[in-house]
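Pasting a structure below so you can have a look.
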There are 2 protein chains.
Amino acid sequence: MLHKKLATIEDVAALAGVSIATVSRALNEPTKVADSTRRRVSEAIAQTGYTTNAMARNLRMRRSNMILILAPDVGDPNFSNILVGLETEASKRGYGLLIGNTQNDPLREADYLRFISSNQADGLILLTGHLPYGIGEAEGSMRLPPMVAVGEPVPNADIPFIGVDNLEAARIATEHLIAQGHKRIAFIGRSSGRAVNSLRERGYRAALQGAGIAVDPAMIIDGDGTTESGRAAAELMFVRDHLPTAFFCVNDATALGVMISLNARRYDLPADFSVMGFDDISFSSFVTPALTTMKQPRLNIGERAMDMLLALLEGGEPREREVLFRAELIVRNSVKAPRTRF
Amino acid sequence: MLHKKLATIEDVAALAGVSIATVSRALNEPTKVADSTRRRVSEAIAQTGYTTNAMARNLRMRRSNMILILAPDVGDPNFSNILVGLETEASKRGYGLLIGNTQNDPLREADYLRFISSNQADGLILLTGHLPYGIGEAEGSMRLPPMVAVGEPVPNADIPFIGVDNLEAARIATEHLIAQGHKRIAFIGRSSGRAVNSLRERGYRAALQGAGIAVDPAMIIDGDGTTESGRAAAELMFVRDHLPTAFFCVNDATALGVMISLNARRYDLPADFSVMGFDDISFSSFVTPALTTMKQPRLNIGERAMDMLLALLEGGEPREREVLFRAELIVRNSVKAPRTRF
DNA sequence: AGGCTGGATGTAAACCTTTACAGAGCGCAT
DNA sequence: ATGCGCTCTGTAAAGGTTTACATCCAGCCT
């Protein structure tokens with residue numbers, strides 16, 4: 001009602017004295033129309049202010065040029081840069097991004113699939129770590145759209161994954177602690193359900209075994225990756241009075257929780273305890289002591305993931321099952337050699 | 001090519017033995033079709049797995065049910081929760097969110113407007129604090145779409161604004177410092193170009209004047225709201241050796257920068273200096289000392305903004321020119337009475 | 001019996017493109 | 001002259017809805 005009345009291809013055609021087919025061709029296959037005609041069309045377009053109506057085009061082409069992003073929480077500092085990467089690549093290739101914040105609510109996940117089933121999105125990016133609820137239910141109801149998983153792999157499903165090599169990165173992190181002289185290293189944030197947590201735990205175990213250090217089950221504490229879970233885990237270790245010299249945390253948020261607990265207990269970091277994180281989210285460099293951690297190349301991950309999805313969309317078969325980036329060890333001040341106190 | 005061949009309204013009509021008009025009515029105006037028919041249609045829909053093709057509908061209705069969000073950086077911790085609020089309300093009302101990350105690049109802003117001009121988005125949410133470049137240029141080319149500004153008001157344009165009452169909140173923050181006994185209070189983050197910064201500065205001035213404290217120009221330092229600018233501002237004050245007892249920072253990121261500078265100089269916070277922030281972004285509670293700040297009700301702001309935009313879209317005239325929320329003073333540990341050192 | 005009302009349904013146009021196919025015009029070789 | 005090939009353009013169908021308008025029919029009133 002505000003848009004007055006937009007010019008259509010017909011207005012342009014009339015003004016240029018050609019048929020609508022020619023106008024369309026002038027726009028989409030310029031080589032196929034004579035120079036003089038093309039000029040007239042361009043002029044008519046400029047004069048009318050014509051823009052292609054994307055809805056009509058989409059209907060005809062059966063393509064929306066839109067990608068649906070499913071994420072549990074777009075505010076998560078770990079996602080934000082991935083999002084930017086996704087967006088950069090998508091926008092460069094003429095695609096738009098539809099965001100679906102699911103809060104891990106199955107209902108919302110299912111609801112967002114309406115964009116897929118109603119043809120409003122051509123592909124799907126999964127940041128959730130699992131297939132959206134209700135995607136494969138009714139038999140003929142919905143074919144799986146092209147999709148890729150980013151950050152968190154999707155277990156038990158044949159979906160291309162783009163992310164960091166979590167096992168390898170966790171191994172490197174743990175080896176860094178070992179290299180500083182730590183032998184009693186806790187792993188904070190075990191969670192059998194989450195693929196990322198499991199992989200990082202395996203990397204931790206691999207490093208210990210590689211160094212001939214026995215894995216002590218009491219040094220492995222559950223956690224869901226929140227700051228609060230990190231705090232609680234550290235507290236638990238103090239209650240049990242079975243302490244490590246270093247904490248390897250499943251992510252920076254957890255590490256922050258551990259540091260809060262240690263600070264509250266008036267320990268001197270990193271002299272009394274070393275803390276290592278994973279992710280390198282923005283404030284990790286601001287905290288005191290600044291957190292040593294593994295940095296994910298989030299921007300690259302996002303770009304690569306979008307590139308892969310679009311290739312899938314335009315090309316057909318996926319070329320790779322997974323693309324693993326290397327995480328980079330960022331050395332700051334939260335890790336030091338252990339005190340030789342015994 | 002993966003979607004086999006979706007069922008159309010015609011398939012449903014054939015199966016139910018009615019015309020396509022009836023199917024459409026059964027879906028959109030159920031009261032207008034007989035009970036028995038409606039049942040047959042429902043059954044046919046279930047059997048075929050039919051879903052309305054949104055593109056066709058959008059084309060016909062001249063509506064996309066899509067909202068474009070223009071933000072300089074979706075990763076900004078200050079935006080993230082606003083985004084969640086926007087998303088919650090939009091999704092509740094059946095709208096989708098298109099994200100446009102502009103990085104403050106005029107080209108990208110202009111590019112994103114293609115969604116508006118090509119009818120792929122019905123409305124616009126501006127988190128940028130200014131009209132997108134290229135919106136009012138060519139005369140008839142593009143009518144202004146319905147839009148609202150969130151977080152940052154848009155100067156010199158008649159656009160509804162939803163956000164916090166920055167002037168009032170800054171006054172409250174400053175008064176809190178004054179109430180603790182501070183008289184030499186710096187304002188870090190002056191920026192004449194940014195509406196938010198200006199408003200907060202005015203609140204700061206109002207509080208000082210209200211308390212009969214003269215405004216000292218040397219206590220007002222420029223800054224663009226980044227952590228680095230906060231650090232640099234604090235350093236500058238030390239170089240000039242003209243020091244406040246408290247720093248009121250235009251936002252938490254700036255406050256963090258100030259604290260980094262103070263920590264590096266081995267000051268004891270908050271004993272030596274008080275620091276007050278604005279925004280209450282997530283890590284403000286984790287930093288040491290935990291930051292006293294003004295909390296923006298971001299979720300509410302987002303929801304309200306979307307509500308307002310949709311009302312504009314569906315109703316017509318805006319009911320309010322602006323909706324101001326009150327920011328809440330969050331008292332933590334970074335503010336204390338000044339040392340009586342002279 | 002005739003006419004009127006109102007509810008349920010069908011017909012067809014409109015929304016705006018893209019593109020397969022056909023046709024026109026022209027140069028050139030046969 | 002005829003035919004062929006090439007370039008450029010036009011015609012019309014198709015994509016899947018929504019909805020104004022027409023139609024039909026049953027019931028009811030006079």
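Since we're looking at a predicted model, the values are computed, not measured. Residue numbering restarts at 1 for every chain, and letters A, B, ... go by the order of the sequence lines.
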Legend entry - Candidate nucleotides dC8(D), dT18(C), dT19(D), ranked by approach to the side chain of Ala34(A) - the nearest: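 Nearest nucleotide to the side chain: dC8(D).
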
Inset, instruction - Find which nucleotide of DNA chain C each of Thr31(B) and Glu29(A) is nearest to by heavy atoms, and output the residue with the more 5' nucleotide. - result: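 Taking each residue's closest nucleotide, the earlier one in sequence belongs to Thr31(B).
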
Inset, instruction - To the nearest 0.5 Å, tell me how far Met66(B) CE sits from Ile116(B) CD1. - result: 11.5 Å

Inset, instruction - Would you kindly check whether a donor in the side chain of Arg25(A) faces an acceptor in the base of dG10(D), or vice versa, at under 3.5 angstrom? - result: yes

Inset, instruction - Indicate whether OP1 or OP2 belonging to dT18(C) is found under 4.0 Å from a side-chain N or O atom of Arg57(A). - result: yes

Legend entry - Interatomic distance where CG belongs to Asp35(A) and C1' belongs to dC8(D) [whole Å]: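 Rounded to the whole Å, the gap is 12 Å.
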
Inset, instruction - Verify the contact: side-chain N or O of Asn28(B) to OP1 or OP2 of dT18(D), cut-off strictly under 4.0 Å; return yes or no. - result: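 Answer yes for this pair, as a side-chain N or O of Asn28(B) is under 4.0 Å from OP1 or OP2.
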
Legend entry - Rounded distance (Å) that lies between atom P of dG16(D) and atom CZ of Arg62(B):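 Distance, rounded to whole Å: 21 Å.
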
Inset, instruction - Determine the contact category for Asn58(B): base if any of its heavy atoms lies under 4.0 Å from a base atom, sugar-phosphate if only primed atoms, P, OP1 or OP2 are that close, otherwise nothing. - result: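 The residue Asn58(B) makes no contact with any strand.
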
Legend entry - Distance, rounded to the nearest Å, where Asn119(B) contributes CG and dT17(D) contributes P: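 For the pair Asn119(B) CG and dT17(D) P, the rounded distance is 19 Å.
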
Legend entry - Criterion side chain to side chain donor-acceptor pair (under 3.5 Å) against Ser64(A), the qualifying member of Asn119(A), Asn58(A), Asp122(A): Asp122(A)

Legend entry - Between P of dT18(D) and CE of Met55(A), the distance in whole Å: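 In whole Å, dT18(D) P lies 13 Å from Met55(A) CE.
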
Inset, instruction - Find the distance Met61(A):CE to dA20(C):P and express it as a whole number of Å. - result: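 Value for this atom pair: 11 Å.
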
Legend entry - N or O in side chain of Thr22(B) less than 4.0 angstrom from dG10(C) OP1/OP2: yes

Inset, instruction - Quickly work out the Ile20(B) CD1 to dT9(C) C1' distance and round it to whole Å. - result: 13 Å

Legend entry - Distance (rounded to the nearest 0.5 Å) between Leu70(B) CG and Leu124(B) CG: 5.5 Å

Legend entry - Any Thr37(B) side-chain N or O less than 4.0 Å from OP1/OP2 of dT9(C):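 Thr37(B) to dT9(C) OP1/OP2: side-chain N or O found under 4.0 Å.
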
Inset, instruction - Would you please say whether a donor-acceptor pair under 3.5 Å links the side chains of Asn78(A) and Arg298(A)? - result: yes

Legend entry - Closest to the Val33(B) side chain, choosing from dC16(C), dT9(C), dT9(D):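 Between dC16(C), dT9(C), dT9(D), the one nearest the side chain of Val33(B) would be dT9(C).
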
Inset, instruction - Would you kindly give the NZ-to-P distance between Lys32(B) and dA8(C), to the nearest whole Å? - result: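 My rounded result for the distance is 11 Å.
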
Inset, instruction - Compare side-chain N and O positions of Ser24(B) against OP1 and OP2 of dT17(D) and report whether any pair is under 4.0 Å apart. - result: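 False: Ser24(B) side-chain N/O out of range (4.0 Å or more) of dT17(D) OP1/OP2.
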
Inset, instruction - Could you tell me whether Ala21(B) contacts a base, only the sugar-phosphate backbone, or nothing, with contacts defined as non-hydrogen atoms closer than 4.0 Å? - result: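 Counting heavy atoms under 4.0 Å across all strands, the contact made by Ala21(B) includes a base.
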
Legend entry - Shortest non-hydrogen contact between Thr51(A) and Ser117(B), atoms and distance: CG2-OG, 3.7 Å

Inset, instruction - May I have the distance from Glu10(B) (atom CD) to dT17(D) (atom C1'), rounded to whole angstrom? - result: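 Going from CD in Glu10(B) over to C1' in dT17(D) covers 11 Å.
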
